[in-house]
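What you see is a predicted model; the values in this text were computed from it and never measured. We name chains A, B, ... by the order of the sequence lines, and we start the count at 1 in each one.
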2 protein chains.
Amino acid sequence: MARPVEFDENKVLTNAMEQFWKEGYEASSVQKLLDCTGINRGTLYNSFGDKETFFKSCVDQYNRLSEKQIETTLGNSALQPWEAISAYFDEILVNTSNKHRGMGCLLVNSLCESVNYDKEIKKVIRSSQALVRKPLLARVKQAHKAGKVKKGISPEFATDALLNSLFGARVNARDGKNAKQLKALVDFTIAALRK
Amino acid sequence: MARPVEFDENKVLTNAMEQFWKEGYEASSVQKLLDCTGINRGTLYNSFGDKETFFKSCVDQYNRLSEKQIETTLGNSALQPWEAISAYFDEILVNTSNKHRGMGCLLVNSLCESVNYDKEIKKVIRSSQALVRKPLLARVKQAHKAGKVKKGISPEFATDALLNSLFGARVNARDGKNAKQLKALVDFTIAALRK
DNA sequence: TTCAATATTGACCCAGCATTCAAGCTGCGA
DNA sequence: TCGCAGCTTGAATGCTGGGTCAATATTGAA
């Protein structure tokens, strides 16, 4: 009945996501977003809303990427708990392009840039982080039940320690550390928790 | 011979540093910097140069703060190596105002915001991080010589692991975790390295 | 073929950005 | 007391920011 969309929504979201991921929210001007997506100014506002709304859609796109990484690792029932956890970290830190590795984590970056310091976006970031924490905690609990976690460490704390190590690694990734160095850092944390 | 300066340079730098620390480089407009420092537009440009130069001066101010924290902890020869290291982390994560804790680390934030993604400021940030790494490494080496580091762990790696944990904690601090939770995270890393 | 519905386009808006500068002010040396 | 070096001031500048909109294009249905 009406004119169909011409742009590829997935490509637009992916390109814009990478722009935000690399340079952050504030430094990503609408003009830069238009350049990297190839769409027109009006099209952006018409189809994706204002900059903040568009950013949230890009975070959703990032979460979809995240979920894929989780599915094949933490969500792979063929893997033992610690193998799954290790595979997940490998997926993020090792089996990724140098480009993506060097950009760190969009959620960590956004938290540190503090997009609109005390506004709504912070909530989005937090709930996105839960997407990782939940399946990670599930695996740690599994390991815990199997007696594969060092004594005196609760599954919740072990999960926090793993995430803390991962956050650090992703800051270090942005600082230029290579895959091997980053892997060594998270492997050390795993070794400290695992029995 | 001429009119003397009226503003307190130290206060100006401290206030501006906190503005950059809290909201990042891009979101800290010159107007916001004028508001929080109380100086005039022309005065800023006359006495501190442009925004980028001013930002670097604020990073210097942050480094001075950092050096003070290092002096009384890592630099305190009355303390044993691990006690000094632990005291340093306490100083950053526990013995600090809720306000400052919640802002994380200016250097980590800047790295994640990626101020001018591939420009000169990144160098400033990196050399500033060396200010912490050097005395920390010295203490770890001391512990290593005294046989107080777990077998098979080099002082360099142990230092990187500590810094990784600290980076993670400062991201988590920005996410709202409290002093106790943050301390538990770095303490866990220390315990994993210490013998 | 016509028309309603929606997508696309880029010129346009103005608020806010970083930066400059000419004029005014202040206090010390002469 | 006067002159002037140099700090202070805020209006002015040009540019870029995010956001709007009327005109145009493209489709399917009638």
Write down the distance between CG (B:Asp35) and P (C:dC17), rounded to a whole number of angstrom.
10 Å
What string of B, S and - do you get for nucleotides 13-24 of chain D, 5' to 3', when a contact is any protein heavy atom under 4.0 Å?
----SBBBB---
Could you tell me, to 10°, how much the axis swings from one end of the helix from C:dT1-D:dA30 to C:dA30-D:dT1 to the other, five pairs per end?
20°
Can you measure B:Gln19 atom CD to C:dA18 atom C1' for me and round it to whole angstrom units?
15 Å
Six-ring centre of B:Phe188, B:Lys183 cation under 6.0 angstrom, axis tolerance 45°
no
Nearest-Å distance for atom pair CZ/C1', residues B:Phe48 and C:dA18
17 Å
With ring centroids as reference points, do B:Phe167 and A:Phe167 lie under 6.0 angstrom apart?
no
B:Leu34 CG to D:dT9 P, straight-line distance once rounded to whole Å:
11 Å
Once you apply a heavy-atom cut-off of 4.0 Å, does A:Phe54 come out as touching a base, just sugar-phosphate, or nothing?
nothing
So, A:Lys148 and A:Glu83, do they make that salt bridge, N to O below 4.0 Å?
no
I'd like to know if B:Asp175 pairs up with A:Lys122 as an ion pair, taking the criterion as any Lys NZ or Arg NE/NH1/NH2 lying under 4.0 Å from an Asp or Glu carboxylate oxygen.
no
Residue mapping more 5' on DNA chain D - nearest nucleotide basis, B:Ile39 or A:Glu6
B:Ile39
Indicate whether any N or O donor in one side chain lies under 3.5 Å from an N or O acceptor in the other, for B:Ser28 and B:Gln19.
yes
Plane angle bin for A:Phe48 and A:Phe7 - parallel if under 30°, tilted between 30 and 60°, otherwise perpendicular
tilted
Taken to the nearest whole Å, CZ/B:Phe7 to P/C:dT26 is 17 Å
